[in-house]
Amino acid sequence: MSEVTAIRGMSDILPAETSRWQFLERTVAAVLAAYGYGEIRLPVVEKTALFKRSIGEVTDIVEKEMYTFDDRNGDSMTLRPEGTAGCVRAAIQQGILNTPRRLWYTGPMFRYERPQKGRQRQFHQTGVEAFGVATPDMDAELIVLCARLWRRLGLTDCVELQINSIGNAEARKAYRYALIDYLQAHSKALDADSQRRLHSNPLRILDSKSPETQAILDGGPALKDFLDEEASADFARLCELLEAAGVAYVVNRRLVRGLDYYNKTVFEWVTDRLGAQGTVCAGGRYDGLVKQLGGKSTPAVGFAMGMERLVLLLAEQAGVPEATADADVYVVAVGDDAELMALVSTERVREENPQLRIMQHVGGGSFKSQMKKADRSGARVALIWGDDEVAAHAVTIKSLRDGNGERLEQNTVPLTELDSTLCALLAP
RNA sequence: GUGGCCGUAGCUCACCAGGUAGAGCACCGGAUUGUGACUCCGGAGGUAGCGGGUUCAAGACCCGUCGGCCACCCCA
């Protein structure tokens, strides 16, 4: 087969699935609006330097997962692997950080990874960022907002909130040394990946899946003992606020982030129903990033959710979805004159009843075959046009459903009564 | 980047000691001339992901490659 196929890890989303996506997107937008967040729309491509400077040069994302290329001018461009960097860049460039600012965005992100369940090369994230507030009540707002969203989506029972504080840069630096010191003494017992990370990104060893490695960590230094007073106090306050708001959480002292810009609060909503890719939503504070990208020092917190993963969860929750009707009304027309009259009249009906989904059979065919399509469409009513109707200036209206089993009648009514008859039939 | 499983009609899958493919669903047509759902009858649709090798003969065996799924890794 020499047919052209989609790029690996970049999938098509068909109409059968898009209704679920639309439900998710609508709900997300409604909840965010309820908290006063404004939508920002951002480019999919940014200068490569933006991601290197924000995410971190030695992270896996930057080292081996970015779609990077030179444009025709020879400048290095990158398909965004995440949204925060671009959002911060835009906020600085557009000068909108003079006051606390709540923003959200949604769209495709790109990471060159091996595809698996819940992980694709082009995937979709919705991100939420709050700028200009340094206190943990803002962290709490974001988490409470998430909790509301899960309720609205019916996902509360499938997700668990994990939180942690990773402190400021100095604390992490001190801890990193202590951790390396400790782990080097046990390096032979560590799994291969952790040995590698010992030198590249030692904090990532904390969330290693290897039980042996986790056992070794039990005897080592704890990040929480390195936090300064402010970070500890903020974390305690966050816990207090979450409890007051009735949001259940688990403190996971080994929760860390893969991107370098995070500090203090980090959190993750995880599920056990999606296999290995269980993180459905994650984020944290990044107080240093705005300044690092050239703006005025501005505290910030944010998170992003993986839309594919949420759609998968929704699909699990709903089970097998009932086939929904494609249309409310199906228009059958046989013969050139009938086709013409049907087209014109149907347009008029659409004009009067914009909420109705009206599908017109296109492409000819016998009454029988058109009626078959009308049935398959799930429409409740068929409008039928043929030579007889054209001659009589009338239309036949037939009920296809709602009959409690008994055979439903059909009526031929004058064109002038089309609307009223239709409305009566479709009234709830 | 590593590993395991897999790749046959639109979809879900089957068959055969290796001898040039079947089912269900879907699709199209018919069962009295303008009418669907159930039923019956008929039809169309596949050079078995692609390339190479072994063989008289391969979709079936071997190698490579591409793709899918899952896991490692990574992360939303």
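Just so it is clear, the values below take in all heavy atoms, side chains as well, and ignore hydrogens, waters and symmetry mates. Below, chain A is the first sequence line, B the second, and so on; all start at residue 1. From a predicted model like this one, the values you see are computed outputs, not experimental measurements.
- In terms of polar N and O atoms assigned as donor or acceptor, the side chain of A:Q410 comes within less than 3.5 Å of the base of B:U35 in a complementary pairing.
- The phosphate of B:G36 (OP1 or OP2) has a side-chain N or O of A:K368 nearer than 4.0 angstrom.
- OP1 or OP2 of B:G68 has at least one side-chain nitrogen or oxygen of A:R8 nearer than 4.0 Å.
- For CG of A:D336, the number of neighbouring non-hydrogen atoms (other residues, nucleotides, ligands) closer than 6.0 Å is 12 at most.
- A sub-4.0 Å separation between OP1 or OP2 of B:G36 and a side-chain N or O of A:R401 is absent.
- The side chain of A:K373 contributes no N or O atom lying less than 4.0 Å from OP1 or OP2 of B:G36.
- Of the listed residues (A:R148, A:R102, A:E141), just one forms a side-chain hydrogen bond (donor to acceptor under 3.5 Å, both in side chains) with A:Y35, and that residue is A:R148.
- Counting to the nearest Å, the P atom of B:C70 and the CZ atom of A:R119 are 10 Å from each other.
- The distance between atom CG of A:L259 and atom P of B:A76, rounded to the nearest whole Å, is 5 Å.
- When the salt bridge (charged side-chain N to carboxylate O under 4.0 Å, His left out) test is applied to A:D419, the partners found at least two apart in sequence or on another chain are A:R348.
- Within 4.0 Å (heavy atoms only), A:R376 reaches sugar-phosphate atoms of the nucleic acid but no base atom.
- Between the P atom of B:C74 and the CG atom of A:D193 lies a distance of 6 Å, rounded to the nearest Å.
- When the nearest nucleotides of RNA chain B are assigned to A:T279 and A:D387 by heavy-atom distance, the more 5′-ward of the two goes with A:D387.
- Residue A:Q116 places at least one side-chain N or O closer than 4.0 Å to OP1 or OP2 of B:A71.
- With rounding to whole Å, A:E82 atom CD is found 10 Å from B:A76 atom C1'.
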